[in-house]
Amino acid sequence: MSVRHLLEIDDLTADEVGAVLHLAGHTNPPKILDGCGVALVFEKPSLRTRNSTEMAVVQLGGHPISLQANEVGLGTRETEEDVARTLERYHRVICARVFEHQKLERMAAVSRVPIVNLLSDQSHPLQALADLLTVQQHFGSFEGRTVAYIGDSNNVSRSLALACARTGMTFRYGCPPGYGPSDVELDLVTSLGGTASVHDRAVDAADGADVVYTDVWASMGKEEEAEARRRAFEGFTIGAEVMEAAAPTGVFLHCLPAHRGEEVSADVIESGRSLVWQQAENRMHTARAVLMFLVELS
Ligand code: CP
Ligand code: NVA
């Protein structure tokens, strides 16, 4: 049986997404990683991903080892392939947060153990699975739901759009001109059976939506664009007006970290409609589920 990796949501079929979400409910799972290591390599900072994934490994009886980029030199001190072929000798799963998505592909091409994407410039699948779990817990099902992602079209929105396609939810992007999704991404969403539309006003994207979602305007690695982006994203803050445009039962999600006063107002993120802490907790439950799923299959 060939090894399975998770680099993007569409590495999982719709049924497999459902299976992972089901596994996320196993809060007292078997110790399937007893005596095993899981490597976590980080080229960028992390609070949620490192802590949630490390704790997921512990809950499965394994031992997580987190490594910072400067002690690994992924692609500089040695090649991505050599790093993967070394780490697989110690670990049952290799996880990595990288700038260039291609680094993960190079590791996955040679690794005999699963490679898990902890965020790349292209995608953030573990985040999208936690987002799905949060929506499922809150609404009971995905049927007929609309998710409005408002802000910078980025790694988080791409994985979320694919996750919506996999679960039958309608997806809307609300982005200023020049910051929307590529045609290639839109075609991918469509090819997965998804429905996506692009809007250049936040209230239009949010209109009647069940979920209003946002992320930072300047992702890690784009900090030098922060000032220009603050100007470009004027009018895209999720505040009371945007939440009023959503469905009366609509909720607010954010992958975090949040910048209050930029992509979201303090009032909205602290409101009763905000599920961001439940969403952050779900990172651990879905990380554990992904490890269970991949280890079982590989
Ligand atoms: N949402 C998320 O991935 O958070 P971290 O960058 O803190 O891991
Ligand atoms: N888009 C953000 C997500 C952080 C979790 C970034 O890449 O920095």
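Remember, it's 1-based here, ligands and their atoms both numbered in the order they're listed.
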Closest non-hydrogen atom pair, Asp210 against Phe139:
O-CZ, 3.4 Å
Residues His138 and Gln278: side-chain donor-acceptor under 3.5 angstrom:
no
Which ligand 1 atoms, with their elements, are less than 4.0 angstrom from a heavy-atom of His124?
2 (C), 3 (O)
Does any N or O of ligand 1 fall below 3.5 Å from an N or O anywhere on Leu119, backbone included?
no
Atoms in ligand 2 flagged as close to Ser219, the criterion being non-hydrogen separation under 4.0 Å
1 (N), 2 (C), 6 (C), 7 (O), 8 (O)
Inspect the contact between Arg201 and Asp204 and indicate whether a charged nitrogen and a carboxylate oxygen are less than 4.0 angstrom apart.
yes
Verify the distance criterion only: is there a donor paired with an acceptor across the side chains of Gln127 and Ser159 at less than 3.5 Å?
no
Heavy-atom pair of closest approach, residues Lys44 and Val98
CE-O, 3.3 Å
Applying a 4.0 Å heavy-atom criterion (strictly less than), which segment of Thr49 is in contact with ligand 2: side chain, backbone, both, or neither?
neither
Ring-plane angle category for Tyr149 and Tyr213, please: parallel below 30°, perpendicular beyond 60°, tilted otherwise.
tilted
Leu47 heavy atoms within 4.0 Å reach ligand 1 at atoms 5 (P), 7 (O), 8 (O)
With heavy atoms of Asn155 as the reference, note each atom of ligand 2 found under 4.0 Å away.
1 (N), 2 (C), 6 (C), 7 (O)
Is there any N or O on Cys255 that sits under 3.5 Å from an N or O of ligand 1?
yes
Proximal ligand 1 atoms for Leu256, defined as those under 4.0 Å from one of its heavy atoms
1 (N), 2 (C), 4 (O)
Any N or O of Arg48 that comes nearer than 3.5 Å to an N or O of ligand 1?
yes
Short list, please: which atoms of ligand 2 are under 4.0 Å from a heavy atom of Val156?
3 (C)
Show the nearest heavy-atom pair for residues Ser219 and Asp152, with the distance to one decimal.
OG-OD2, 4.3 Å
Check whether the side chains of Gln122 and Asn117 place a donor and an acceptor atom closer than 3.5 Å, and report yes or no.
no
Return the residue, atom name and 0.1 Å-rounded distance of the protein heavy atom closest to atom 8 (O) of ligand 2.
Met220 N, 2.8 Å
What atoms in ligand 2 come closer than 4.0 Å to a heavy atom of Asn154?
1 (N)
At a 4.0 Å threshold, what atoms of ligand 1 neighbour a non-hydrogen atom of Arg97?
3 (O), 5 (P), 6 (O), 8 (O)
Can you name the atoms of ligand 1, numbered from 1 with element, that are less than 4.0 Å from a heavy atom of Arg283?
1 (N), 2 (C), 3 (O)
Name the one of Val264, Ile238, Thr214 that satisfies side chain to side chain contact (heavy atoms under 4.5 Å, CB included) with Ile269?
Val264
Give me the nearest non-hydrogen protein atom to atom 3 (C) of ligand 2 as residue plus atom name, then the distance to 0.1 Å.
Asp215 OD2, 3.5 Å
Show which atoms of ligand 2 fall inside a sub-4.0 Å distance from at least one heavy-atom site of Leu256.
5 (C)
Minimum heavy-atom separation for Arg4 to Pro114, with atom names?
O-CB, 3.2 Å
